[in-house]
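Keep in mind the model is a prediction, meaning the values are calculated, not measured. To find a chain, count down the sequence lines: A is the first, B the second, and so on, and within it residues start at 1.
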There are 2 protein chains.
Amino acid sequence: MTASPTVRLDVPQDDLFGIHNLPYGVYSLPGRAPRVGTRYGGHVVDLATLLGDEVFAGPSLNPFMAQGHDRWVQARSAIAGALRGEIPREAVHSAAEVTLHLPFDVADYVDFYASEHHAANLGRLFRPDNPEPLMPNWKHLPVGYHGRAASVVVSGTDIIRPAGQRKGPTDPAPVFGPSTRLDIEAELGFVVGTGNALGEPVAAGQAERHLFGVVLFNDWSARDIQAWEYVPLGPNLGKSFASTVSPWVVPLLALTEARVPTPVQVPEVLPYLALDAPWGLDIDLEVEWNGEVVSRPPYSAMYWSPAQMLAHLTVNGAPTRTGDLFASGTVSGPDKEQRGAFIELTWGGAQPVTVAGRQRTFLEDGDEVVLRATAPGPGGTRIGFGEARGRVVPARHGREG
Amino acid sequence: MTASPTVRLDVPQDDLFGIHNLPYGVYSLPGRAPRVGTRYGGHVVDLATLLGDEVFAGPSLNPFMAQGHDRWVQARSAIAGALRGEIPREAVHSAAEVTLHLPFDVADYVDFYASEHHAANLGRLFRPDNPEPLMPNWKHLPVGYHGRAASVVVSGTDIIRPAGQRKGPTDPAPVFGPSTRLDIEAELGFVVGTGNALGEPVAAGQAERHLFGVVLFNDWSARDIQAWEYVPLGPNLGKSFASTVSPWVVPLLALTEARVPTPVQVPEVLPYLALDAPWGLDIDLEVEWNGEVVSRPPYSAMYWSPAQMLAHLTVNGAPTRTGDLFASGTVSGPDKEQRGAFIELTWGGAQPVTVAGRQRTFLEDGDEVVLRATAPGPGGTRIGFGEARGRVVPARHGREG
């Protein structure tokens, strides 16, 4: 009998995928079925092999997430412990050789609107005649709407330019065609690990036990389609063609150093939205457009926190499920170079920005956008979120109307 | 060897669940796992046993629906043929002895707003200062929004009164508590049997091959929560607490006699919404409130058809999946006694109606609402949809805010 060969992985403490991160994802090797892995430095480590647990042997995080918070704590500790010692060589792959997949089965998807700066900017752009850029409800509840779960795609998926109806203010009738105002929204997404039953809301103080992790999220938006369709029932086709998530789900358990107070909320929120712990997240995003960083939105400036979003989402008794995804809405800070959507960055297209030497407003075919983020980890380290990448490809349909 | 006992079912041609209907549902016997059955007269017939096909042996219609349109045609013919002869006695149960379950796994759920009468009534009620009750986009596209799939429940599930924020026009700040304006919306729901891939829209002329069947749908609505939250991103908590579907999915194939032209659409729709076949549905709904029929909404008056809804939903490249559900929005006709929501029937609560001898506006705890519908079948028969029933029970949470 020969022992399986083992290996000891040497990853610096300050690697963005160091021992304090340990995100979960789904990977495959050529010709092999997808399985759950973690990213450790430049390696992808197979978790079923590492821990001898078949819950990781499938193509989705959902079975593991459904095991609940205590199990997440225990598994994270077991993974970190194992990675500090000798591990089976067969569990280790190079990050460069694997394909990454959508890491979880999306149940319901909700998009919030939690940045005061973004909401105020869009209010000024979409409703210029209104003296108050924020709607009266905005500071009383985290405004959000349901989006399409089926069109959540993993980083690297091409974004097909959507076709649809649009009507400019002076057009006599709507026209149909590929969107001419294709935009991004740089967001974070929050993944529900264990849900709540119908009629049993999640209190804000219990959110920690339900929230599994965090992903980067690009809520691609066709502003021309959206502007024409969105009254009175909200965005639909302007958003539902694609939303990109990063392949690595960073556990909420890895983000303890990133937890900061939210901005002071005035007026005081209703009791069901009150927080008993800091739920702001000191996560720094960056938006890269054709290789150039054009914005650095700070998540710490977000008005509404994920615990408040989950409490609000369920306060009417609505159930959530393993794999529910809710996103923050565009992350925009107070400064121009912190705006997380091009409609804000270029002020509705009226103030082009220079990208790779060209004046630009909305997305052209061939453009590529990459979101990245990091958060503080223990001892001055940083936790990386990887990337959410998408390239715009031409509309396949729609020219004929 | 003894032959299994057989039986011949004698169901009148004009039964609402006669040979021309044959809806699909999921039933269980006490202590047994749910399976797919059809309703035939007062019987529930187990389809795995009847046809010897294990696709019907599970707790959901999804595997069968995913087999596609040609298979739906073939199975329907096989079921009708079998039911005209001797069938295994063990396949037959009394409808009174089975429990009915949610018949399919809901993928994405979208609610439309397809009745001109309803949209105009709600425009007048929600935006009284606007001289035009319909929004400018309304006659150009079927307006719709995504809702919560997780809270779609089967007929008979109690409806827990939702709690949430509301703010009357003269209130200085929002208050929290159980909804005081709980309402219904009488709708039809359309079930997608086979979806479309991302980037490959469903043409209106191809909708027939994707649409599996039709259910009754009650989109319970908390008008006070909805009115405060819905700007600018649409309804969320005011709707997401529960939506009731009927347990029997009537196949679109059973509704050929019900297909009628939609009302004339002026202005002419864009080419992607043009119809090459009659897609209106001559289905008569009724709304029963505490045992009294208070409204009879005619589906034939609906402006937008399900083929147009599916074409619109996917024209931007959004994918649909087996189990997608899209609902029509409230079915309201031109007359007062044809209004499918109590907010319309009582004009925002200002004009109470008499129900069982009492003046009523919105729903009280203990109220029960039942939706029913029938459609024309061959030879003067009628096709029944069964019922979507729900009883309002008191809020469990929310008084403490």
### Query
Is the side chain of A/R396 donor-acceptor paired with the backbone N or O of B/G317 at a distance under 3.5 Å, no angle test?
no
### Task
Find the one option among A/Y109, A/F241, A/Y230 whose heavy-atom pairs under 4.5 Å with chain B are most numerous.
A/F241
### Query
Between A/H312 and B/L237, what is the shortest heavy-atom contact and its length?
O-CD1, 3.1 Å
### Task
Look at B/P136, B/G195, B/A173 and state which one has the largest set of heavy-atom pairs under 4.5 Å with chain A.
B/P136
### Summary
Looking only at B/G234, B/G238, B/A150, the option with the highest number of non-hydrogen pairs under 4.5 Å against chain A is B/A150
### Message
If we define contacts as heavy-atom pairs under 4.5 Å, which of B/L122, B/I225, B/D108, B/V143 has the most with chain A?
### Response
B/D108
### Query
Does the B/R148 side chain pair with the main chain of A/P319, one donor and one acceptor, at a distance under 3.5 Å?
yes
### Task
Measure the CD-CG distance between B/Q165 and A/L270 for me, rounded to the nearest 0.5 Å.
4.5 Å
### Message
Heavy-atom pairs under 4.5 Å with chain A - which of B/P174, B/A119, B/G123 has more of them than the others?
### Response
B/P174
### Task
May I ask you to name which of B/P162, B/A242, B/G147 has the most heavy-atom pairs under 4.5 Å with chain A?
B/G147
### Query
Measuring from B/D111:CG to A/L233:CG, what's the distance to the nearest 0.5 Å?
8.0 Å
### Reported CH2-to-CE distance for the pair B/W228 and A/M135, which is rounded to 0.5 angstrom
11.0 Å
### Task
Under 4.5 Å heavy-atom distance to chain A, tell me which part of B/I160 shows up: side chain, backbone, both or neither.
side chain
### Task
Heavy-atom distances under 4.5 Å only: say whether B/T320 touches chain A with side chain, backbone, both or neither.
both
### Summary
residues 125-143 of chain A vs side-chain hydrogen bond (donor to acceptor under 3.5 Å, both in side chains), sequence neighbours excluded, gives A/E116-A/K139
#### Entry: Distance in Å, A/Y272 OH paired with B/F176 CZ, rounded so as to fall on 0.5 Å steps
6.0 Å
### Task
Measure B/P267 against the heavy atoms of chain A and call it side chain, backbone, both or neither at under 4.5 Å.
neither
### Task
Sort A/A107 into side chain, backbone, both or neither according to what part of it lies under 4.5 angstrom from a heavy atom of chain B.
neither
### Residue selection (most heavy-atom pairs with chain B, distance under 4.5 Å) from A/D324, A/T314, A/L141
A/L141
### Task
Considering only heavy atoms and a distance below 4.5 Å, find which of B/A318, B/S179, B/P235, B/P232 pairs most often with chain A.
B/P232
#### Entry: Portion of B/A149 that has a non-hydrogen atom of chain A nearer than 4.5 angstrom
both
### Query
Under 3.5 Å, is there a donor-acceptor pair between the side chain of B/N316 and the main chain of A/G164?
no
## Note on the structure
Applying side chain to side chain donor-acceptor pair (under 3.5 Å) to A/S243 and not counting sequence neighbours gives none
## Note on the structure
Applying a strict 4.5 Å limit to non-hydrogen atoms, the region of B/Y113 in contact with chain A is side chain
